[in-house]
Amino acid sequence: MSETQEAQLKRMGMRSWRRGMKEMDLILGPYADAHLATMSKDRLIIFDKLLEENDQDLLPWILGQNPVPAYLTDLIAEIGVYARERLAAK
């Protein structure tokens with residue numbers, strides 16, 4: 001049985017907010033809230049794969065401290081820009 005789109009978005013949103021590392025909750029949670037509903041099917045697949053990555057890898061990628069795997073480069077860059085703009089607006 002395949003997952004409905006509604007269930008997929010709910011699962012991915014929850015997984016974005018419940019990472020295990022608070023810093024990643026505060027980066028991925030707001031990003032997911034703002035973008036999940038309008039992501040293309042292909043982008044959702046990539047974001048879902050990103051959610052499988054360890055926080056200890058994700059945070060240095062987003063901060064630009066470590067090289068990002070090629071399949072995540074665009075998405076990580078977009079998330080980093082979103083997080084920085086969000087912080088600057090406060």
Side-chain angles (χ1 to χ4, degrees):
M1 182 176 197
S2 66
E3 185 176 44
T4 66
Q5 183 175 5
E6 181 181 351
Q8 178 189 32
L9 294 177
K10 186 175 181 176
R11 174 183 55 78
M12 291 171 73
M14 179 69 74
R15 185 68 182 110
S16 296
W17 276 104
R18 307 274 192 277
R19 296 295 307 168
M21 181 185 285
K22 190 64 173 176
E23 293 87 342
M24 289 310 304
D25 295 349
L26 297 173
I27 292 171
L28 291 181
Y31 177 84
D33 288 350
H35 293 92
L36 274 180
T38 59
M39 280 186 189
S40 69
K41 192 174 199 172
D42 290 340
R43 191 63 152 196
L44 285 171
I45 291 169
I46 295 170
F47 191 76
D48 206 15
K49 289 180 181 179
L50 174 140
L51 293 174
E52 294 174 9
E53 298 287 348
N54 292 317
D55 288 350
Q56 293 79 8
D57 295 324
L58 282 172
L59 188 58
W61 293 341
I62 291 171
L63 296 175
Q65 297 171 339
N66 288 341
V68 179
Y71 79 98
L72 289 176
T73 302
D74 292 342
L75 182 56
I76 291 288
E78 183 179 314
I79 292 168
V81 167
Y82 180 81
R84 284 186 290 281
E85 287 175 354
R86 202 168 148 266
L87 284 174
K90 290 187 174 192

key: Test side chain to side chain contact (heavy atoms under 4.5 Å, CB included) applied to Leu59 - qualifying residues, sequence neighbours left out   = Met21, Glu23, Met24, Ile27, Leu63

Going only through I, L, V, M, F, W and Y residues with side-chain contacts under 4.5 Å, is there a path from [X] to [Y]?
X     : Y     : value
Leu36 : Leu72 : yes
Tyr71 : Ile79 : yes
Ile76 : Leu26 : no

note = d(Glu3 CD, Lys10 NZ) to nearest 0.5 Å is 11.5 Å

Distance (rounded to the nearest 0.5 Å) between Leu28 CG and Asp33 CG = 11.0 Å

Greater than 12 external heavy atoms within 6.0 Å of Gln65's CD = yes

Determine whether a donor-acceptor pair (N or O, by modelled atom type, separation under 3.5 Å) exists between the side chain of [X] and the backbone of [Y].
X     : Y     : result
Arg15 : Arg18 : yes
Trp17 : Gly29 : yes
Asn66 : Trp61 : no

Using atom types as modelled, flag every donor-acceptor pair under 3.5 Å from a side chain in residues 43-52 to any protein atom, sequence neighbours excluded.
from, atom 1, to, atom 2, distance (Å)
Arg43, NH2, Glu78, OE1, 2.5
Asp48, OD1, Arg11, NH1, 2.9
Asp48, OD2, Arg11, NH2, 3.1

